[in-house]
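Here the structure comes first, spelled out in structure tokens, and everything after it is commentary.
One is the number of the first residue; the rest follow in order along the sequence. Worth saying up front: this structure is predicted, and the values here are computed from it rather than measured. Hydrogens, waters and symmetry mates play no part in the numbers below; they use all other heavy atoms, side chains included.
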Amino acid sequence: MLGSFFVAALASASFVLGTPLNTTINPRACGTFISEERLISAEQHFRANKVQIAPGERPLAATVDIYFHVISSGSAVSQGNIPDSQIAAQISVMNTAYASAGLTWRLAGTDRTVNSAWFNSAGPGTSQQTAMKRALRKGGSNALNVYTVGFTSGAGAGLLGYSTFPSDYSSNPTDDGVVMLFSSVPGGTTTNYNQGQTLTHEAGHWVGLYHTFQGGCSATGDQVADTPPEASPASGCPTGRDTCSGGGVDPIHNFMDYSYDSCMNQFTPGQVDRLKAQIRTYRGISA
């Protein structure tokens with residue numbers, strides 16, 4: 001099944017090491033990865049199984065439930081025990097970011113678990129993240145499960161987050177969701193990445209979007225025609241960056257690039273069309 005391609009791809013991702021307390025990460029480090037070969041297979045499956053909108057159908061705005069699983073090594077905020085106020089602020093950031101897509105994110109539940117092994121060592125493909133998800137995941141394919149951890153050691157060291165793709169769900173439902181750095185929520189302590197856009201970015205993968213620099217300057221790129229080609233991820237908020245000839249300057253303000261949180265503010269209409277088709281096809285969500 002297609003999901004197995006993504007699981008294998010995530011396990012082979014490259015990671016950037018960060019400081020022990022994850023207060024500074026430069027550049028953005030996302031552990032969601034898919035090779036060009038696997039992407040081709042994924043897109044063939046998507047084209048063959050794509051759920052189309054019926055003629056005359058006008059989908060209503062969709063509400064997506066989010067379950068927050070707060071993993072910590074202790075009771076302090078610095079140990080990962082983020083307060084409800086930061087979770088509420090994160091939901092608000094998500095709703096602003098996805099308003100153009102007709103998606104509303106609704107907090108369906110929050111649970112808190114003190115587990116130092118999960119907090120420190122959960123990462124793509126690790127036994128810690130597998131045990132964590134098996135114990136805590138809620139809902140079906142149409143519910144986003146978010147796990148906040150520390151990413152202090154092992155395969156996940158230095159990451160801001162990683163996600164599964166929509167088509168992963170059928171082959172491994174328990175694995176579905178986003179794992180993210182606790183201190184990247186709004187008001188967190190991770191410099192340049194504490195305005196909540198880590199979850200916006202990772203949820204972008206969860207609804208079927210690739211990085212804007214996927215495939216570099218190739219014609220296929222991220223499978224979205226109106227995102228300019230980009231040879232490599234941006235860092236910071238560079239002015240006039242243009243790494244590929246033709247197509248316009250790099251999409252540094254796009255949520256699916258690697259820019260600072262303060263620089264991210266948009267999905268393109270093409271990305272909106274793609275994510276709607278992805279979640280209709282693989283998550284049963286019509287928006």
Side-chain angles (χ1 to χ4, degrees), residues 1-16 27-52 101 123-125 141 144 155-156 159-173 175-179 198 200-234 243-248 250-252 254-259 264 267-283 285:
M1 292 296 293
L2 179 61
S4 63
F5 291 129
F6 289 118
V7 172
L10 283 172
S12 64
S14 298
F15 307 111
V16 179
R28 180 180 295 276
C30 168
T32 309
F33 172 82
I34 181 171
S35 69
E36 281 297 301
E37 293 76 15
R38 292 187 175 100
L39 184 148
I40 291 170
S41 296
E43 293 307 306
Q44 288 175 344
H45 186 276
F46 180 44
R47 287 192 295 270
N49 295 276
K50 186 175 180 180
V51 175
Q52 303 287 353
S141 61
L144 173 58
L159 292 181
L160 282 174
Y162 63 94
S163 175
T164 57
F165 289 97
S167 50
D168 293 339
Y169 184 82
S170 62
S171 65
N172 193 355
D175 191 51
D176 186 60
V178 166
V179 183
T198 290
T200 301
H201 177 99
E202 299 303 339
H205 295 309
W206 188 82
V207 296
L209 300 180
Y210 299 125
H211 290 131
T212 52
F213 49 85
Q214 178 71 41
C217 298
S218 71
T220 54
D222 64 351
Q223 307 295 311
V224 178
D226 63 358
T227 55
E230 187 176 25
S232 60
T243 56
C244 297
S245 60
D250 292 356
I252 63 163
N254 198 283
F255 290 121
M256 301 312 294
D257 204 347
Y258 271 17
S259 310
M264 291 180 161
F267 291 115
T268 67
Q271 285 175 311
V272 169
D273 288 343
R274 176 179 169 84
L275 75 84
K276 286 182 176 183
Q278 282 271 314
I279 61 178
R280 276 197 311 270
T281 300
Y282 295 113
R283 298 201 178 278
I285 300 172

Could you tell me the separation between the CH2 atom of Trp206 and the OH atom of Tyr169, rounded to the nearest 0.5 Å? 10.0 Å

For a 4.5 angstrom cut-off between non-hydrogen side-chain atoms, does Leu159 reach Pro124? yes

Roughly how far apart are Gln223 CD and Arg274 CZ, rounded to 0.5 Å? 6.0 Å

From Leu209 atom CG to Met256 atom CE, the distance as rounded to the nearest 0.5 Å: 5.5 Å

Give a yes or no on whether the backbone of Thr268 and the side-chain of Asp226 come within a donor-acceptor separation of less than 3.5 Å. no

Could you grab the distance from atom CG of Asp176 to atom OG1 of Thr164, nearest 0.5 Å is fine? 4.0 Å

Kindly give the heavy-atom pair with the smallest separation between Gln278 and Pro166, and that separation in Å. OE1-CG, 3.6 Å

Is it the case that Gln271 and Asn254 place a side-chain donor and acceptor less than 3.5 Å from each other? yes

Kindly say whether Ile34 contributes a backbone atom to a donor-acceptor pair with the side chain of Gln214 at under 3.5 angstrom? yes

Are Tyr162 and Phe33 close enough that some pair of their side-chain heavy atoms sits under 4.5 Å apart? no

For Phe165 together with Tyr210, are the ring centres under 6.0 Å from each other? yes

Go through it in stages, so that I can follow the logic: the residues are Asp250 and Thr243, the test is side chain to side chain donor-acceptor pair (under 3.5 Å), and I'd like the CA-CA distance, side-chain angles, deciding distance and then a yes or no. CA-CA 7 Å; Asp250 292 356; Thr243 56; 3.0 Å; yes

Grab the two heavy atoms, one from Leu144 and one from Gly177, that are nearest each other, plus how far apart they are. CD1-CA, 4.4 Å

For Pro251 versus Pro228, what's the shortest heavy-atom pair and its separation? CD-O, 3.6 Å

Can you find a heavy atom in the side chain of Phe267 that is under 4.5 Å from one in the side chain of Val224? no

Do Cys30 and His201 have side-chain heavy atoms sitting under 4.5 Å apart? yes

Between Phe213 and His211, how do the two ring planes meet: parallel, tilted or perpendicular, split at 30° and 60°? parallel

Taking every heavy atom of Cys217 against every heavy atom of Pro229, the minimum-distance pair comes out as CA-CB, 4.3 Å

State whether a side-chain donor-acceptor pair under 3.5 Å links Thr32 with Glu202. yes

Minimum heavy-atom distance Cys244-Ala231, with the two atoms named: SG-N, 3.3 Å

Quick one: OH on Tyr258 to OG1 on Thr212, what's the gap to the nearest 0.5 Å? 9.5 Å

NE2-CD1 distance between His45 and Ile40, expressed to the nearest 0.5 angstrom: 16.0 Å

If every non-hydrogen atom of Met264 is compared with every non-hydrogen atom of Ser259, which pair is closest and at what distance? CE-O, 3.7 Å

